[in-house]
Student: 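One structure, as structure tokens, below. Some questions next.
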Amino acid sequence: MARKIILDLDTGIDDALALAYALGSPELELIGVTGTYGNVLVETGVRNSLAILELFGRADIPVFAGPDHARTRDSFEVLEISAFIHGANGIGGAVLPEPAAKVQEKSAVDFLVESVERYGDDLVIVPTGPSTTIAAAIEASESFAKRAHIVMMGGALTVPGNVSPWAEANVNQDPEATDLLFRRANDVTMIGLDVTLQTLLTYAETKKWRELGTRGGDFLAEATDYYIKAYDTTAPHLGGCGLHDPLAVGVAVDPSLVQLIDINMKTDTEGPTRGRTIGDETRLNDPVKTAHVAVAVDTDRFLEQFLSRLTTLAQATEPSESHGS
Ligand code: BDR
Ligand code: CA
């Protein structure tokens with residue numbers, strides 16, 4: 001039986017790839033997407049998720065909106081660096097038709113809490129943006145905190161951050177929320193920069209998507225090329241773009257893709273290290289470890305699975321206009 005999954009996305013380019021990967025994974029049944037702010041405004045992210053679901057023939061999957069800013073702020077504006085990496089529309093300037101489906105009236109927090117109530121251990125939640133929505137669900141329901149299985153993309157334990165020497169982009173948006181998540185949730189797997197920067201995609205792979213001659217292939221290639229180009233400027237030493245969010249989905253499919261260490265985590269919320277994710281010294285000797293941090297990844301196995309699944313998914317979409325006419 002497929003494992004149920006909810007993605008909490010700030011749909012951005014690698015979030016879009018993570019969404020496609022979940023749709024293309026037979027081990028997973030995507031029961032809903034919750035939208036958060038981060039790479040884009042929450043409205044833009046929700047719209048991107050709806051449009052991508054429609055592109056891949058899954059407009060039946062509901063999308064819910066979460067809070068639109070961090071818990072310690074009054075509002076949110078997209079950071080310049082986010083717009084540079086993901087484009088102003090979040091999907092690298094790729095144009096998708098206005099989706100027919102609309103965002104659900106129910107809030108993302110209610111949907112998360114109810115889903116954990118209903119499905120318990122059969123459900124995994126994969127947040128790939130700021131922790132704001134998940135923290136709100138934890139505060140709303142003690143049972144959610146106890147029972148939810150969370151595989152998050154965010155943080156950095158053994159390597160520096162990507163927005164400051166300390167902070168990774170998702171955690172940086174709302175460090176208090178990630179700290180609450182680490183302190184109160186019972187089961188958190190952290191897929192941070194330690195491993196996501198070991199899973200890279202290049203123009204050689206996006207060329208294959210473009211050559212499919214389908215709308216899905218064109219979209220994946222166009223958005224990802226934009227993302228690779230941004231990485232060429234911000235992190236030329238890597239030689240490709242980081243598959244941050246898709247790796248979290250990969251681990252939800254198959255935890256043996258990464259090596260985990262069991263450790264109680266915290267997030268610094270004060271001073272120059274604000275946004276740093278690190279072991280909590282006050283719970284170092286606690287025999288119960290609530291977090292599991294990925295420190296190594298089987299890159300080849302992950303990339304092979306990711307590429308073949310996205311290619312199969314994109315292949316099944318309509319021919320692109322240039323090929324169809
Ligand atoms: C994370 O930040 C966002 O820009 C990406 O979508 C990813 O979730 C990487 O630090
Ligand atoms: Ca993201």
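Reckoned from all heavy atoms, side chains included, excluding hydrogens, waters and symmetry mates. Every number for a ligand or one of its atoms is a count from 1 in the order of the listing.
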Student: To the nearest 10 degrees, could you say what angle the Ca ion (ligand 2) makes with O of Thr128 and OD2 of Asp245?
Tutor: 100°
Student: Can a donor-acceptor pair be found between the side chains of Thr36 and Asp8 at a distance below 3.5 Å?
Tutor: no
Student: Quick check with a 6.0 Å cut-off and a 45 degree axis cone: is Lys4 positioned over the face of Tyr119's six-membered ring?
Tutor: yes
Student: Using a strict cut-off of less than 4.0 Å between a Lys/Arg side-chain nitrogen and an Asp/Glu carboxylate oxygen, indicate whether Arg301 and Asp254 qualify as a salt bridge.
Tutor: yes
Student: In terms of side-chain geometry, is the basic nitrogen of Arg147 or Asp121 positioned less than 4.0 Å from the acidic oxygen of its partner?
Tutor: no
Student: Is the distance from the Ca ion (ligand 2) to some N, O or S atom of Thr11 under 3.0 Å?
Tutor: no
Student: Which residues, ordered by chain and number, are linked to Trp166 in its hydrophobic cluster, where ILVMFWY side chains connect at heavy-atom gaps below 4.5 Å, directly or through other members?
Tutor: none
Student: When you check ligand 1 against the protein, what N or O pairs turn up below 3.5 Å? List the atom names and distances, or just say none.
Tutor:
{"residue": "ligand 1", "atom": "2 (O)", "partner": "Asn170", "partner atom": "OD1", "Å": "3.4"}
{"residue": "ligand 1", "atom": "4 (O)", "partner": "Asn39", "partner atom": "OD1", "Å": "2.7"}
{"residue": "ligand 1", "atom": "4 (O)", "partner": "His86", "partner atom": "NE2", "Å": "3.1"}
{"residue": "ligand 1", "atom": "6 (O)", "partner": "Asp14", "partner atom": "OD1", "Å": "2.5"}
{"residue": "ligand 1", "atom": "6 (O)", "partner": "Asp14", "partner atom": "OD2", "Å": "3.3"}
{"residue": "ligand 1", "atom": "6 (O)", "partner": "Asp15", "partner atom": "OD1", "Å": "3.1"}
{"residue": "ligand 1", "atom": "6 (O)", "partner": "Asn39", "partner atom": "ND2", "Å": "2.9"}
{"residue": "ligand 1", "atom": "6 (O)", "partner": "Asp245", "partner atom": "OD2", "Å": "3.2"}
{"residue": "ligand 1", "atom": "8 (O)", "partner": "Thr128", "partner atom": "O", "Å": "2.9"}
{"residue": "ligand 1", "atom": "8 (O)", "partner": "Asn170", "partner atom": "ND2", "Å": "3.0"}
{"residue": "ligand 1", "atom": "8 (O)", "partner": "Asp245", "partner atom": "OD1", "Å": "2.6"}
{"residue": "ligand 1", "atom": "8 (O)", "partner": "Asp245", "partner atom": "OD2", "Å": "3.1"}
{"residue": "ligand 1", "atom": "10 (O)", "partner": "Asn162", "partner atom": "ND2", "Å": "2.9"}
{"residue": "ligand 1", "atom": "10 (O)", "partner": "Glu168", "partner atom": "OE2", "Å": "2.4"}

Student: To the nearest 10 degrees, could you say what angle the Ca ion (ligand 2) makes with OD2 of Asp15 and OD1 of Asp10?
Tutor: 70°
Student: Answer yes or no for Asp14: is there an N/O/S atom below the 3.0 Å cut-off from the Ca ion (ligand 2)?
Tutor: no
Student: So, Arg276 and Glu168, do they make that salt bridge, N to O below 4.0 Å?
Tutor: no
Student: Would you call the rings of Tyr21 and Phe302 parallel, tilted or perpendicular, where under 30° means parallel and over 60° means perpendicular?
Tutor: perpendicular
Student: Can you check whether Tyr37 and His69 have ring centres sitting under 6.0 Å from each other?
Tutor: no
